[in-house]
There are 2 protein chains.
Amino acid sequence: MTEKDDFDLRNFMPFLLNLAAEQSSLGFQRTYKNRYGMLRTEWRVLFHLGNYGEMTAKEIGERAVMHKTKISRAVAKLSQRRYLTRTRDERDRRSERLALTPAGLVVYRELRQEAEAYEAQLGKQFTAGEVVLLRMMLRRLAGLD
Amino acid sequence: MTEKDDFDLRNFMPFLLNLAAEQSSLGFQRTYKNRYGMLRTEWRVLFHLGNYGEMTAKEIGERAVMHKTKISRAVAKLSQRRYLTRTRDERDRRSERLALTPAGLVVYRELRQEAEAYEAQLGKQFTAGEVVLLRMMLRRLAGLD
DNA sequence: GAATAATAGTTGATTTTGTAACTAACAAGA
DNA sequence: TCTTGTTAGTTACAAAATCAACTATTATTC
């Protein structure tokens with residue numbers, strides 16, 4: 001140790017959070033990446049449309065806390081793969097209503113099932129109360145509530 | 001809702017973790033990025049050397065859970081800025097022992113102080129017991145213990 | 001002690017992200 | 001209506017992360 005030390009990097013919250021986030025993403029990533037060649041941004045978009053129904057890119061951005069350029073590119077890819085359709089909103093022709101195709105819906109259902117299983121598996125390491133508390137703290141740290 | 005739904009993306013652990021990690025990194029990033037023009041990879045390397053003393057790139061990689069190419073580039077930058085020195089290890093000439101220069105140490109101390117303050121600020125949102133539990137859970141999720 | 005494998009670290013090519021500038025459409029006020 | 005401002009989304013360029021191939025050195029095995 002160079003310094004007398006009560007401070008350990010491995011307890012530094014941003015570091016720990018990043019590491020935990022990375023690790024926990026890794027397991028699930030195998031599913032959408034290896035199985036469907038998708039990026040994280042893409043499955044998030046897919047997921048939003050599957051989970052909450054038709055919406056615009058902007059709405060997705062707000063809900064998923066993603067920058068609009070990420071969304072724009074993810075939408076382009078998903079549309080290319082015929083997982084979603086884009087239809088100009090006639091009431092505001094700047095924006096488009098995005099909706100999953102039947103093919104997109106199939107993939108969504110599959111991924112969602114995987115996600116639920118993965119979530120359950122992660123949760124098994126802790127008590128139900130701990131998980132609730134963890135979620136609450138993460139939501140606060142994420143600035144969600 | 002397209003599906004009947006007990007599952008909400010905003011409660012999905014990998015999503016929440018990523019968001020919380022991003023947000024919590026952002027605040028601290030201002031310090032090392034704006035003040036010293038450093039990248040996250042760079043400050044992590046600097047931090048390890050300041051916190052745990054002289055070591056090799058490989059050891060940093062293991063402790064910080066960072067890929068060797070990231071470290072290689074971070075070390076190059078830090079060395080360029082004269083924040084650290086590299087001396088070939090004569091017992092194994094493949095590796096180098098990395099150590100902070102006095103200038104590097106100054107920056108480390110400054111950043112470390114900022115880090116502690118930032119950590120304290122984050123912690124204020126929760127009780128001491130909650131923070132302890134959160135750390136424990138994150139360490140587990142990160143695969144650290 | 002060659003030959004082969006493994007390791008520390010670097011480099012280059014590719015992919016992905018981030019930033020800023022842009023287009024097209026709408027909104028509001030004079 | 002004309003100007004000015006705002007918003008949805010895209011695109012181009014720069015920064016960064018990822019992946020694979022490479023050099024130099026050490027370890028292993030026959």
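Proteins come first, then strands; the chains are lettered A, B, ... in the order of their sequence lines, and each starts at number 1.
- Residues A:Asp89 and B:Ala57 both approach DNA chain C. Their nearest nucleotides, taken by heavy-atom distance, put B:Ala57 toward the 5′ side.
- For the pair A:Arg63 (side chain) and A:His48 (backbone), a donor-acceptor distance under 3.5 Å is absent.
- In this structure, B:Lys58 and B:Ser95 have side chains that are not in contact, with every pair of non-hydrogen atoms separated by 4.5 Å or more.
- Listed pair B:Ser95 / C:dA8 fails the phosphate criterion, with no side-chain N or O lying under 4.0 Å from OP1 or OP2.
- Between C:dA8, D:dG9, C:dG9, one nucleotide has an atom nearer to the side chain of B:Arg94 than all others, and that is C:dA8.
- Computed from coordinates, the B:Lys58 NZ to D:dT25 P distance equals 18 Å when rounded to whole Å.
- Whole-Å rounding puts the B:Asn34 CG to C:dT19 P distance at 11 Å.
- Of the residues near DNA chain C, B:Thr56 and A:Thr41, the one whose nearest nucleotide (by heavy atom distance) lies more toward the 5' end is B:Thr56.
- A:Lys33 is not listed as a side-chain neighbour of A:Glu42, based on a closest heavy-atom distance of 4.5 Å or more.
- Look at CD on B:Glu90: it is 12 Å from C1' on D:dT25, rounded to the nearest Å.
- Across all strands shown, A:Lys68 has heavy atoms under 4.0 Å from base atoms, whether or not it also approaches the sugar-phosphate.
- When the P atom of D:dA17 is taken as reference, atom CE of B:Met66 falls 8 Å away, rounded to whole Å.
- Between A:Phe12 and B:Phe28, the ring centre distance stays below 6.0 Å.
- In this structure, A:His67 places its NE2 atom 18 Å from P of C:dT16, rounding to the nearest Å.
- Side-chain nitrogen and oxygen atoms of A:Arg97 include none within less than 4.0 Å of the OP1 or OP2 phosphate oxygen of D:dA8.
- Within the 4.0 angstrom heavy-atom criterion, only backbone atoms of the sugar-phosphate kind lie near B:Arg86; the bases stay farther away.
- Using a 4.5 Å heavy-atom threshold, the side chains of B:Gln23 and A:Leu141 count as separate.
- In this structure, B:Ile60 places its CD1 atom 9 Å from P of C:dG9, rounding to the nearest Å.
- When rounded to the nearest whole Å, the span between CD of A:Glu59 and C1' of D:dG9 equals 14 Å.
- In terms of phosphate contacts, B:Lys70 brings no side-chain nitrogen or oxygen within less than 4.0 Å of OP1 or OP2 of D:dA17.
- Counting distance only, with no hydrogens placed and no angle test, the side-chain atoms of A:Arg73 and the base atoms of C:dG18 include a donor-acceptor pair under 3.5 Å.
- Distance from the side chain of B:Asp92 is smallest to D:dT25 among C:dT10, D:dT25, C:dC26.
- Across all strands shown, B:Arg88 has no heavy atoms under 4.0 Å from either base or sugar-phosphate atoms.
- Separating the CZ atom of B:Arg91 from the P atom of D:dA24 is a distance of 24 Å, rounded to the nearest angstrom.
- Among the protein residues, B:Ile71 comes within range of no part of the nucleic acid, since none of its heavy atoms lies under 4.0 Å from any strand.
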